[in-house]
Amino acid sequence: MTQALASAGQLESAVARAFAPGGALARGDARYMTREAQLAMAVAVARSIAAAAPLVVEAGTGVGKTFAYLVPTLLSGQRALVSTATKSLQDQLFLRDLPRLRDALQVPASIALLKGRASYLCLHRLEQARQSPAPHDRWALRALARLERWATATTTGDLAEVDGLDDRSPVIPLVTSTRENCLGTECAEHRNCHVMKARRDAMAADVVVINHHLFFADMALRDTGVAELLPSAAIAVFDEAQQLTEAGMQFLATTLSTGQLTELARDVLALGLQRARGLAAWDGLAAGIERAARELRLLVAGTGDRPGAPPGSLKLRWDERAGRASFAAGLSAVEAASGAAAQALKKVHELGPDFDKLAERALATAALAALFADDSPAATVRWIDVGAHQVRLVQSPLDIRDALCEQMHTAPKAWIFTSATLGDDERLSWFTGATGLEDATIVRVGSPFDYPRHARLYVPRDFPKPVQPEHSRAVAELAARCASRLGGRTFVLTTTLRALPLIGEVLRERLAADDIEVLLQGLAPKRALMQRFIAAPRKVLVGSQSFWEGIDVAGDALQCVVIDKLPFPPPNDPLVEARVKLLQSQGRLPFADYFVAEAAVALKQGAGRLIRSESDRGLLVVCDPRLRTMPYGRRLQAALPPMTPVEREEEALDWLAELAADH
């Protein structure tokens, strides 16, 4: 890479020239337009890089924040890590944005992409899956055959190259490695290992694109390659930083799941029968682990918890189950079954390193069962997730503050955090408080979009309150009237999964005569639903949490967003309860400092789906009278983009009719 620019002034000047009319970006793209907001952000990033100081930037939709941080990063000539929220955003940066900017700026920077183990094919595990005596269903066999053909041609081993392979495919754990089952240098395929190659490429690159999960997984495990990269990088950029806390807590948490136990049992049986048949009662050992997993699930989930709750939505307080003698007995059974498997595996360790690794994994599982049988440490919270197919025991810190501050202190550099949504006050307290960044430089750059002219906000006056049983039906009826007037092109965003089925059913009834199709979250993978929504205009999509952010539908395909109610955190959630107690112990006001702040950020994220380009127009409907009537409603409205309010439903529908006429 080019020699690092010596001073803040030099870097700022280089950045200003790149963004200027007739500059490098304009020469590289005829459609490029100079944006004051984008330049302001880029200059702030340049100053952070030159000072090796932390920076937090909230950049409204349309600012062009990706170029605003990449241009000064590339021009600085210094080594950088760029972290994004998802693997798909990683791919966009690596495959499109970075090469395009590198060429436009004419800097000789080498770039690399680094994902977690689960993203890369493990050749050793593929061979094991091929030879496994354990039965596979025909879908798994078909997927394995596809992967075997692809494995002969791929140079990266990145499973994202395999068209149509769902991230949730049960085949992926069979052909990828984990820290627990990786054989390292003892593996026969170590020289050809795709994970090791990706890490070598990353160590040699000037700019490395990672994701938040990988960053925190390395903090927890020191097993992703980031630990070696971080000290040598002068710049660390976190895009979509609003997801940083959730990603961090996921990987800093300690988890024991019945899914882990089932996979352990499967691997004990497969390896034992394949390589050590007759040397231990592998069938019985695997069955013992599976039985312990099944009994633990029954003890936790029961047979009738909270009727009406959709699968996967249940989060139980720890004390709802942990005080029972049967729960303690269930954990003891898990510890005993895992320990017995570990002892049997140790006895045949001379047959190969796979047995040592699997024994370590079984012992670690037994240790987790023992940990959850004891009291939880201070400053942590425990809960139980009940999913459609497994239960998870979780112990988590209350935030990522301590962990991130320790990391930043250990590796001083320019730490840059950016997103379109990081809070609703000048200090971005929602984000900076949870991450320990109160002393960082804070920059807020507004969106260049003309919201007053292009967007309308409608909050119905006479509408059922969210606590009333008729609320969801009323939401669906209003959404149907909007979608009918517009001809589809509508998102309905709900705050809970529980509301989805009823809203979907009513919409289908009301829109059948208009030939408008209703797409419901859960009926297909998220990506497939989005592709169907964008492919044809006469569609309404009903989704919950995962559709509130990260969805980018520019143009006329989406012109109405209906939000069912203000997205306050659920007060009976164990993590929410623990945070409330912490705030109370600090003498703070949980409702204002936590509940309203969380709702403001989530509302901004949901509303952000509507206007995605300079020419977009649309209507935001918030079906919650509290936005008008409660004192905190003013704070929440102030967090939204400055859309023009409409008072009556007919005004809102007339606006939609005007939009429809322009199609």
Going by atom types only, do Gln390 and Ser257 share a side-chain donor-acceptor pair under 3.5 Å? yes
Are Val207 and Ser110 side-chain neighbours, meaning at least one heavy-atom pair lies under 4.5 Å? no
Salt bridge or not between Glu240 and Lys65? Use side-chain N to carboxylate O under 4.0 Å. yes
Drop me the distance from Leu331's CG to Leu296's CG, to the nearest 0.5 angstrom. 6.0 Å
Lys115 and Asp91 ion-paired at < 4.0 Å: yes
Aromatic ring proximity Phe251/Phe215, centre distance under 6.0 Å: no
Among Gln274, His349, Arg275, find the one that has a side-chain hydrogen bond (donor to acceptor under 3.5 Å, both in side chains) with Asp354. Arg275
Within the 4.5 Å heavy-atom criterion, are Leu70 and Leu98 side-chain neighbours or not? yes
When rounded to the nearest 0.5 Å, the distance separating CG of Asp356 from NZ of Lys346 is 9.0 Å
May I ask you to test the Leu610-Asp616 pair for a side-chain heavy-atom distance under 4.5 Å? no
Please round to the nearest 0.5 Å and tell me the distance separating atom OG1 of Thr73 and atom CZ of Phe67. 13.0 Å
Roughly how far, to the nearest 0.5 Å, is the CG atom of Leu298 from the CZ atom of Arg294? 8.0 Å
Considering residues, nucleotides and ligands other than Glu246, do more than 12 of their heavy atoms fall under 6.0 Å from its CD? no
N/O donor-acceptor pair under 3.5 Å between Ser169 side chain and Leu165 backbone: no
Does any non-hydrogen side-chain atom of Gln521 lie less than 4.5 Å from one of Leu497? yes
Main-chain N/O of Val107 paired to Arg102 side chain as donor or acceptor, under 3.5 Å: no
May I have the step-by-step check of salt bridge (charged side-chain N to carboxylate O under 4.0 Å, His left out) for Arg79 and Asp206, ending in yes or no? CA-CA 5 Å; Arg79 195 157 198 238; Asp206 297 310; 5.5 Å; no
With Thr494 via side chain to side chain contact (heavy atoms under 4.5 Å, CB included) - residues at least two apart: Ala499, Leu500, Ile503, Val542, Ser544, Asp564
For Arg125, is there any backbone N or O sitting under 3.5 Å from a side-chain donor or acceptor partner on Arg130? no
Report yes if the side chains of Leu493 and Pro567 come closer than 4.5 Å at any heavy-atom pair, otherwise no. no
CG/Leu141 to CZ/Arg146 distance, rounded to the nearest 0.5 angstrom? 14.0 Å
Answer yes or no: is there a donor N or O on one side and an acceptor on the other, between the side chain of Asn192 and the main chain of Glu189, under 3.5 Å? no
Gln242-Glu549 side chain donor-acceptor pair, cut-off 3.5 Å: yes
Counting distance only, does the side-chain N/O of Arg489 pair as donor-acceptor with the main-chain N or O of Cys560 below 3.5 Å? no
Do the side-chain N and O atoms of Arg297 and Thr258 include a donor-acceptor pair separated by under 3.5 angstrom? no
Do Ile235 and Leu81 have side chains that get closer than 4.5 Å, going by heavy atoms? no
Over all atoms of both residues, closest heavy-atom pair of Leu252 and Ala403: CD1-CB, 3.6 Å
So OG1 of Thr66 and CG of Leu101: to nearest 0.5 Å the spacing works out to 9.0 Å
Gly488 backbone acceptor or donor facing Thr490 side chain under 3.5 Å: yes
Please identify each residue that fulfils side chain to side chain contact (heavy atoms under 4.5 Å, CB included) with Ala276, with sequence neighbours left out. Leu279, Trp282, Leu351, Phe355
Side chains of Leu371 and Leu256: closer than 4.5 Å at any heavy-atom pair? no
Any donor-acceptor pair under 3.5 Å from Asn211 side chain to Ala85 backbone: no
Under 3.5 Å: donor-acceptor pair, side chain of Ser83, backbone of His212: yes
Main-chain N/O of Lys357 paired to Glu360 side chain as donor or acceptor, under 3.5 Å: no
Determine, for Arg612 against Asp552, whether the closest basic-nitrogen to carboxylate-oxygen distance falls under 4.0 angstrom. yes
Can you tell if the side chain of Leu519 reaches within under 4.5 Å of the side chain of Val540, non-hydrogen atoms only? no
Where the side chain of Thr365 meets the backbone of Arg361, is there a donor-acceptor pair that is under 3.5 Å apart? yes
Indicate every side-chain donor-acceptor pair of residues 525-536 with a distance under 3.5 Å to a residue at least two apart or in another chain.
from: Lys526; atom 1: NZ; to: Ser546; atom 2: O; distance (Å): 2.6
from: Arg532; atom 1: NH2; to: Glu517; atom 2: OE2; distance (Å): 2.4

With a 4.0 Å cut-off on N to O distance, would you call Asp29 and Arg100 a salt bridge? yes
